Amino acid sequence: MASFKEVNGDPHQQYEFKQTLGTGAFGVVKLALCRNDNTKWAVKCIDQRNMSPTDLEGLKEEISILGLLQHKNIVRLREVYHQPNQSYLIMEPMFGGELFDRIVKKNFYTESEACDAICVVADAIQYCHSKGIVHRDLKPENLLYASDKDDARLAVADFGLAKRVLSIDELMISACGTPGYVAPEVLEQKGYDAKADYWSLGVIAYILLCGFPPFYDENNAALFQSIKTGSVSKYSKIIKNIQKY
């Protein structure tokens with residue numbers, strides 16, 4: 001059973017739209033106040049007029065997947081409003097920004113801080129897998145903090161590339177994800193399973209501890225070759241940067 005409500009109508013009747021929080025390929029994200037209880041929400045406003053049939057099917061699948069997930073470390077979908085050319089996803093607001101931005105600000109995390117972040121994301125991904133959902137695009141930009149506090153809750157977002165599977169061992173063949181975070185088996189194009197999410201999580205852990213990625217090259221072909229061969233930066237640099245406390 002879906003954990004959100006779908007409505008055919010205008011969300012402006014229930015929500016007062018405020019400033020823009022962000023922009024995307026097919027629309028914007030607005031801050032909104034619920035007129036009934038004055039609570040704050042993030043509204044993903046999607047313009048469907050420029051979306052291909054494949055894009056529309058992907059949006060439908062993303063909404064369906066979000067409706068299956070109820071976990072404190074996954075951004076919650078509250079409602080979806082449908083209009084002829086627009087869809088509005090009423091989402092839990094995450095005012096602390098991306099993990100990526102916090103890494104840039106801090107340079108790198110201590111071992112304890114990195115452990116806290118990775119453990120909660122790993123728990124959320126394990127939960128997704130238990131529901132037959134593979135994220136397929138884990139990266140610091142898709143991990144959001146609830147507030148600016150140091151101990152703010154971290155949650156997984158953006159299930160636009162997520163895939164439903166019958167089991168965690170089911171093989172997928174679509175090459176998707178973000179360069180630098182994709183698992184080598186994805187690049188090999190011989191089939192990969194849900195464990196590819198944990199490779200991406202490992203890359204994130206490396207970045208948290210070191211302040212730089214394990215694989216980097218401006219040329220994607222060279223980058224992918226490094227990933228497939230496991231050619232990472234020297235371990236001595238990692239030891240130098242890691243702080244235990």
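The shown structure was predicted, so the numbers you read here are calculated from the model rather than taken from an experiment.
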What is the distance from atom [atom1] of [X] to atom [atom2] of [Y], rounded to the nearest 0.5 Å?
| X | Y | atom1 | atom2 | value |
| --- | --- | --- | --- | --- |
| Leu201 | Ile125 | CG | CD1 | 7.5 Å |
| Ile65 | Lys131 | CD1 | NZ | 13.5 Å |
| Met91 | Lys44 | CE | NZ | 7.0 Å |
| Asp193 | Tyr198 | CG | OH | 11.0 Å |
| Leu31 | Lys18 | CG | NZ | 8.0 Å |
| Asp123 | Lys72 | CG | NZ | 7.5 Å |

Heavy-atom check, side chain of [X] versus side chain of [Y], under 4.5 Å:
| X | Y | answer |
| --- | --- | --- |
| Pro184 | Phe224 | no |
| Val165 | Lys163 | yes |
| Tyr206 | Phe212 | yes |
| Ser87 | Leu59 | yes |
| Asn142 | Phe100 | no |
| Gln83 | Asp10 | yes |
| Phe215 | Ser226 | yes |
| Glu170 | Val134 | no |

Donor + acceptor pair across side chains of [X], [Y] (<3.5 Å):
| X | Y | value |
| --- | --- | --- |
| Thr178 | Asp137 | yes |
| Asp169 | Ser167 | no |
| Ser231 | Thr229 | yes |

Margin query: Does Leu171 have more than 12 heavy atoms from other residues, nucleotides or ligands lying within 6.0 Å of its CG?
Written below: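 More than 12 heavy atoms, drawn from other residues, nucleotides or ligands, come within 6.0 Å of this atom.
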Margin query: More than 12 heavy atoms of other residues, nucleotides or ligands under 6.0 Å from CD of Gln126: yes or no?
Written below: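 Result for CD/Gln126: open.
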Common cluster, [X]/[Y], ILVMFWY with side-chain heavy-atom separation under 4.5 Å:
| X | Y | value |
| --- | --- | --- |
| Phe95 | Val75 | no |
| Met51 | Val80 | yes |
| Val120 | Phe159 | yes |
| Val232 | Val203 | yes |
| Val28 | Met94 | no |

May I ask you to decide if [Y]'s main-chain N or O and [X]'s side chain share a donor-acceptor pair within less than 3.5 Å?
| X | Y | value |
| --- | --- | --- |
| Tyr109 | Gly211 | no |
| His71 | Val156 | no |
| Arg76 | Leu66 | no |
| Glu57 | Pro53 | no |
| Asn219 | Ala222 | yes |
| Ser64 | Glu61 | no |
| Asn73 | Leu154 | yes |

Checklist line | Residue among His135, His129, Arg136 satisfying side chain to side chain donor-acceptor pair (under 3.5 Å) with Asp197 | finding: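 The option that passes is His129.
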Notebook entry, point to check: Out of Ile227, Leu138, Val182, which residue meets the side chain to side chain contact (heavy atoms under 4.5 Å, CB included) rule with Trp199?
Noted result: Ile227
Check: Given Ile204 and Leu99, is the side chain to side chain contact (heavy atoms under 4.5 Å, CB included) satisfied, shown in steps?
Finding: CA-CA 10 Å; Ile204 295 169; Leu99 175 62; 4.0 Å; yes
Heavy atoms only: give me the nearest [X]-[Y] pair and the separation to one decimal.
| X | Y | answer |
| --- | --- | --- |
| Trp41 | Ile90 | CB-CG2, 3.8 Å |
| Cys176 | Val186 | O-CG1, 4.0 Å |
| Asn220 | Pro179 | OD1-CB, 4.0 Å |
| Pro140 | Tyr181 | CD-OH, 3.2 Å |
| Leu161 | Gly177 | CD1-N, 3.8 Å |
| Val43 | Ala32 | CG2-CB, 3.5 Å |

Margin query: Check Lys60 with Glu62, please: is the shortest side-chain N to carboxylate O separation under 4.0 Å?
Written below: no
Checklist line | Lys/Arg N to Asp/Glu carboxylate O, Lys195 vs Glu185, below 4.0 Å | finding: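 A salt bridge is absent here (no side-chain N lies under 4.0 Å from a carboxylate O).
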Next item on the list: Determine, stepwise, if the pair Tyr88 / Val7 fulfils side chain to side chain contact (heavy atoms under 4.5 Å, CB included).
Entry: CA-CA 10 Å; Tyr88 300 88; Val7 181; over 6 Å; no
Margin query: Pair Tyr127, Leu69 - check side chain to side chain contact (heavy atoms under 4.5 Å, CB included), show working.
Written below: CA-CA 8 Å; Tyr127 168 81; Leu69 301 175; 3.7 Å; yes
Margin query: Please determine whether side chain to side chain donor-acceptor pair (under 3.5 Å) holds for the pair Tyr15 and Glu79, giving the CA-CA distance in whole Å, both sets of side-chain angles, and the decisive distance to 0.1 Å.
Written below: CA-CA 11 Å; Tyr15 296 91; Glu79 293 175 312; 2.4 Å; yes
Checklist line | salt bridge (charged side-chain N to carboxylate O under 4.0 Å, His left out) partner of Glu92, chosen from Arg153, Lys40, Arg78 | finding: Arg153
Next item on the list: Apply side chain to side chain contact (heavy atoms under 4.5 Å, CB included) to Ile46 and Leu89, showing your working.
Entry: CA-CA 8 Å; Ile46 301 170; Leu89 278 61; 3.8 Å; yes
Next item on the list: List the steps and the verdict of salt bridge (charged side-chain N to carboxylate O under 4.0 Å, His left out) for Glu113 and Lys106.
Entry: CA-CA 11 Å; Glu113 291 169 335; Lys106 293 170 65 69; 3.2 Å; yes
Item checked: Derivation and outcome, salt bridge (charged side-chain N to carboxylate O under 4.0 Å, His left out), residues Arg49 and Asp47 -> CA-CA 6 Å; Arg49 289 172 294 184; Asp47 187 344; 2.8 Å; yes
